[in-house]
Amino acid sequence: MTGYEDDELIDAALAVRQNAYCPFSKFSVGAALIDEKGEIHVGCNVENSSYPEGSCAEANAIGAMIASGGKRIRRIVVAGGRERLETCTPCGGCRQRIAEFSDGDTIISIIGGGGYANKFSVQDLLPLCFRLEQ
Amino acid sequence: MNTRREDAYCPYSHFSVGAALVDETGHVHIGCNVENSAYPEGTCAEAGAIASMIASGARRIRRIVVAGGHDEIETCTPCGGCRQKIAEFGDDETVIVLVDGDGETTEFSVDELLPLGFRLEE
């Protein structure tokens with residue numbers, strides 16, 4: 001558990017969720033992450049009428065981090081739901097995306113419907129992660 | 001399944017993957033990875049096998065086997081995206097079989113590979 005009221009990253013995820021473009025699912029998601037330099041990056045889901053072309057909140061936050069020069073996710077917060085917040089775990093694809101830029105210390109926080117945050121490691125949510133050895 | 005893996009189109013990663021699944025009617029569906037020069041447009045072997053299953057009219061995965069590697073078979077777990085796709089058509093009894101470099105197989109449930117999986121409640 002983490003403090004809910006005074007957590008800047010949670011506030012950022014909740015704020016960006018308001019900008020989600022989700023006319024098809026009506027399920028809005030916000031993600032906020034802090035990188036290795038202490039900078040915060042945010043993303044929301046952006047759907048498309050060709051459904052698979054939509055992108056998840058986590059993917060877009062990661063895209064912002066990479067575009068800014070950040071390399072590692074220290075902590076990422078995900079908050080989603082239809083109108084009210086519901087427990088919204090990252091989809092499998094986003095777990096794979098998070099894993100690409102994470103390490104054993106990376107924390108994934110999932111905001112539950114009650115407004116609390118659970119803390120998971122990448123290993124917790126994506127055991128035996130696929131990795132392409134170069 | 002190894003036949004499917006030999007058909008994989010993977011000129012960019014050189015990592016070929018084959019997947020074979022049995023549906024609720026006992027039919028087998030197969031798939032391989034199909035890459036694209038616009039990398040994210042590529043599709044995984046598991047996705048191909050699932051698409052084949054759905055196109056045939058079946059809806060549930062009883063068992064799915066995944067094998068992949070560069071030249072030789074290596075331990076190749078489904079990526080997160082494929083775990084999500086398998087979860088959509090899997091249930092508590094669905095078995096995911098992984099083949100490692102020694103040809104040994106290990107069986108997992110969907111929940112073991114995608115704990116607390118995302119689901120959109122209708």
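Residue numbering restarts at 1 for every chain, and letters A, B, ... go by the order of the sequence lines.
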Would you say [X] and [Y] are hydrophobically clustered, going by side-chain heavy atoms of ILVMFWY under 4.5 Å?
{"X": "A:I34", "Y": "A:I107", "value": "no"}
{"X": "A:I76", "Y": "A:I10", "value": "no"}
{"X": "B:L120", "Y": "B:I50", "value": "no"}
{"X": "B:L98", "Y": "B:L21", "value": "yes"}
{"X": "A:I40", "Y": "A:M65", "value": "no"}

(request) Step through the shown structure and confirm whether more than 12 heavy atoms of other residues, nucleotides or ligands are within 6.0 Å of CD on B:E93. (result)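 Counting neighbours around CD of B:E93, 12 or fewer heavy atoms of other residues, nucleotides or ligands fall under 6.0 Å, so no.
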(request) Indicate yes or no: at least one non-hydrogen side-chain atom of A:R95 is less than 4.5 angstrom from one of B:L114. (result)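 Yes, at least one pair of side-chain atoms sits under 4.5 Å.
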Interface moiety of [X] toward chain B, non-hydrogen atoms closer than 4.5 Å:
{"X": "A:C129", "answer": "backbone"}
{"X": "A:P52", "answer": "neither"}
{"X": "A:R82", "answer": "side chain"}

(message) Measuring from atom CZ of B:R83 to atom CG of A:L125, what distance do you get when rounded to the nearest 0.5 angstrom?
(response)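 Taking CZ in B:R83 and CG in A:L125, the distance rounds to 11.0 Å.
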(message) So, taking the atom named NE2 in B:H14 and the one named CG in A:L132, what distance separates them when rounded to the nearest 0.5 Å?
(response)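 Going from NE2 on B:H14 over to CG on A:L132, the span is 10.5 Å.
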(message) Minimum heavy-atom separation for A:L126 and B:G80, please, with both atom names.
(response)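 Looks like CD1-CA, 3.8 Å.
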(request) Please determine which of A:P90, A:C94, A:C88 meets the side-chain contact (heavy atoms from CB on, under 4.5 Å) test together with B:F118. (result)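 When side-chain contact (heavy atoms from CB on, under 4.5 Å) is applied between B:F118 and each of A:P90, A:C94, A:C88, only A:C88 qualifies.
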(request) Could you check A:L128 against B:E112 for side chain to side chain contact (heavy atoms under 4.5 Å, CB included), going step by step and ending with a plain yes or no? (result) CA-CA 10 Å; A:L128 299 171; B:E112 284 175 318; over 6 Å; no
